[in-house]
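Quick notes on the structure that follows.
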Amino acid sequence: MVFIALYLVTSIIAGDFYKVPITVAFLAASVYAVAMSKGPLRRRIDVFSRGAGSSQMMLMIWIFVLAGAFAHSAKVMGAIDATVNLTLSLLPGQMMLAGLFLAACFISLSIGTSVGTIVALTPIAAGVADQTGASVPMLVAAVVGGSFFGDNLSFISDTTIIATQTQGCKLSDKFRVNAFIVIPAAVVVLIIYIIMGSNIASPQHIPQVELVKVVPYLVVLLTAIVGLNVMAVLTLGIVLTGVIGILTGSFADAFAWMQSMGDGIVGMGELIVITLLAGGLLELIKHNGGIDYIIKRLTRHITGKRGAELAIASLVSIVNLCTANNTVSIITVGGIAHQIGTKYGLDPRKCASLLDTFSCTVQGLIPYGAQMLMAAGLAGINPVAILPGLCYPLIVGISALLAILLRYPHRYS
């Protein structure tokens, strides 16, 4: 409560949800948690450190380090530009709105980040709108919506990694459950965009596609789908970016490749610090009986699995509204969701899917989220103007709610 209140109030006062470092809010909450706990100070710090340094947290940090190294080295190597050009070159004529949505889905699934997808595609969407006279907010909305498809499903997305680690399930298993929920929603959105954008022309003068630079993304995607360990998947991807980058001249030498990896790892620093602080904070809450209290309050009117799943969905959605960060909301709620799932016998694979899906739904609909602010800034429009065209986050949220109410998919419910 201290964390959410501090972050929310200071962000409102500042008028910017990204002006107040979220690490500072977590630090303040952690200091408060240590101060209000009982017992010798050293013992309280030991409890905090035990949670921050647990094997689960360390595994998560290892994955973040590898994901950062892969994502940035692939970007410097030119993999993002190559993937964008390949996707645009494959788009059928008169389907630019639907095509941009598909491109955003594929790119975000490949690179595992909604923000990266938005940065890559929003300038293209704005340029297409200028060339064709189409609505800029509508084309940008298609990009933003599609970016959350991969943010939710990708094996190297931080939300996917955190959701699976906190619930104790495999990435490939969560992917299968999630696919049942989000792919039907994506198909519905695609049909809507086909109808809405049938009069928009395709872009001209697409740069030549360097297919070899798309290989690392494809290999990572395929090896992850077949169930290879995520750390092995990311290591393979890193090696491929280095080999291909050096052979194609994107990296001057091995030292340039290593520098790009180092920059990517440094870029994950804030997320790693948040993970450590959140792990220690939740361990103190658990040690003091807070987790049991929260579960008791949340589940006092719950009589079955449907209600337990709704409680998890509601909790992660509320925290996401307050923090404007889907990754942080999953970190904050993950441990509590696991306890609720254990108490009511929920499938951890579906719990992970619900955490990820509902956090992405809320994050995709709030105009003060990083994704919306980034897209609006790149396109030169107001973030609120994007909302009317955001079909995907809304429909995927409805799909996830129906998955709870209708006990779907049945084998995981």
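The first residue of the sequence shown is numbered 1, and numbering continues consecutively from there. Every value quoted in this text rests on a predicted model; they were computed, and no experiment measured them.
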Between G145 and L390 the two heavy atoms that sit nearest each other are N-CD2, 3.8 Å
Taken to the nearest 0.5 Å, the spacing of L277 CG from I272 CD1 works out to 12.0 Å
Separation between CD1 (I63) and CG (L234), nearest 0.5 Å, reads 7.5 Å
Heavy atoms of L6 and A28 approach each other most closely as CD2-CB, 3.4 Å
**Item:** Donor-acceptor contact below 3.5 Å, side chain Q363 vs main chain N325
**Value:** yes
Are side-chain heavy atoms of Q259 and D263 found at a separation under 4.5 Å?
yes
- Task: Apply the test side-chain contact (heavy atoms from CB on, under 4.5 Å) to residues F101 and L139: give CA-CA distance (whole Å), side-chain angles for both, the deciding distance (0.1 Å), then the verdict.
- Result: CA-CA 8 Å; F101 175 71; L139 291 181; over 6 Å; no
Checklist line | Side-chain heavy atoms of Y344 within contact of E309, under 4.5 Å | finding: no
Check your understanding: Can you list the steps and then say if D173 with V177 is a side-chain contact (heavy atoms from CB on, under 4.5 Å)?
Key -> CA-CA 7 Å; D173 289 338; V177 182; 5.8 Å; no
Under 3.5 Å, is there a donor-acceptor pair linking the side chains of T159 and N152?
no
Starting from the C-alpha separation in whole Å, work towards a yes-or-no answer on side-chain contact (heavy atoms from CB on, under 4.5 Å) for I161 and Q165.
CA-CA 6 Å; I161 293 168; Q165 291 300 313; 4.3 Å; yes
Distance col, row R176:CZ vs Y412:OH, nearest 0.5 angstrom, shows 6.5 Å
Report the C-alpha separation of I61 and L276 in whole Å, then their side-chain angles, then the decisive distance to 0.1 Å, and conclude whether the side-chain contact (heavy atoms from CB on, under 4.5 Å) test is met.
-> CA-CA 9 Å; I61 289 171; L276 290 171; 3.4 Å; yes
**Asked** Quick check: does any side chain N or O of T241 sit under 3.5 Å from a backbone N or O of A74, one acting as donor and the other as acceptor?
**Response** no
Basic-acidic side-chain contact under 4.0 Å: E283, K286: no
If only side-chain N and O atoms count, and only distance matters, is there a donor-acceptor pair under 3.5 Å linking N326 with S359? no
What one should report as the nearest heavy-atom pair of L218 and F106 is CD2-CZ, 4.1 Å
A29 and V2 have their tightest heavy-atom pair at CA-CG1, 4.1 Å
Check your understanding: Hey, does L401 have a side-chain heavy atom less than 4.5 Å from the side chain of L310?
Key -> yes
Taking every heavy atom of C391 against every heavy atom of Y193, the minimum-distance pair comes out as N-OH, 3.6 Å
Exercise for the section: Output yes when K305 and D347 qualify as a salt bridge under the 4.0 Å nitrogen-oxygen rule, no when they do not. Expected result: no
Within the 4.5 Å heavy-atom criterion, are V24 and Y7 side-chain neighbours or not?
no
I'd like to know if the side chain of T117 reaches the main chain of S147, judged simply by a donor and an acceptor atom lying under 3.5 Å from each other, with no hydrogens or angles considered.
no
K350 (side chain) donor-acceptor with A403 (main chain) under 3.5 angstrom: yes
Exercise. Hey, would you say the F148 and Y392 ring centroids sit under 6.0 Å apart?
Worked result: no
Check your understanding: Between the side chains of T327 and D158, does any donor sit under 3.5 Å from an acceptor?
Key -> yes
Output for pair (Q167 CD, L346 CG), nearest 0.5 Å, gives 9.0 Å
Subject >> Expected output: side-chain S108 to main-chain G150 donor-acceptor under 3.5 Å >> reply: yes
Quiz item: Does a side-chain heavy-atom distance below 4.5 Å link V47 with R50?
Solution: yes
* **Residues, nucleotides or ligands: over 12 heavy atoms within 6.0 Å of Y408 OH** => yes
* Side-chain contact, heavy-atom cut-off 4.5 Å: S317 with T361? -> no
When L315, I318, I404 are each screened for side-chain contact (heavy atoms from CB on, under 4.5 Å) with F358, the one that passes is I404
Nearest heavy-atom contact between W257 and V239 is CZ2-CA, 4.2 Å
Check whether T357 reaches the backbone of V396 with its side chain - one donor and one acceptor, N or O, closer than 3.5 Å.
no
- prompt: K213 and S250: side chain to side chain donor-acceptor pair (under 3.5 Å), yes or no, with the steps?
  reply: CA-CA 10 Å; K213 292 186 177 181; S250 299; 3.0 Å; yes
One should read off an interatomic distance between I195 CD1 and L97 CG, to the nearest 0.5 angstrom, of 11.0 Å
Pairwise side-chain contact, Y32 with L27, heavy-atom cut-off 4.5 Å (strictly under)
no
Separation between CD1 (I381) and CD1 (I386), nearest 0.5 Å, reads 4.0 Å
Quiz item: Is a donor on one side and an acceptor on the other found under 3.5 Å between the side chain of S154 and the backbone of D151?
Solution: no
*I395 backbone acceptor or donor facing S399 side chain under 3.5 Å*: no
Note to self: Any side-chain to backbone donor/acceptor pair from N382 onto V384? Under 3.5 Å, distance only.
What the structure shows: yes
Does the side chain of L171 come within less than 4.5 Å of T160's, by heavy atoms? yes
Looking at S353 and R349, would you say the former's side chain and the latter's main chain have a donor-acceptor pair under 3.5 Å?
yes
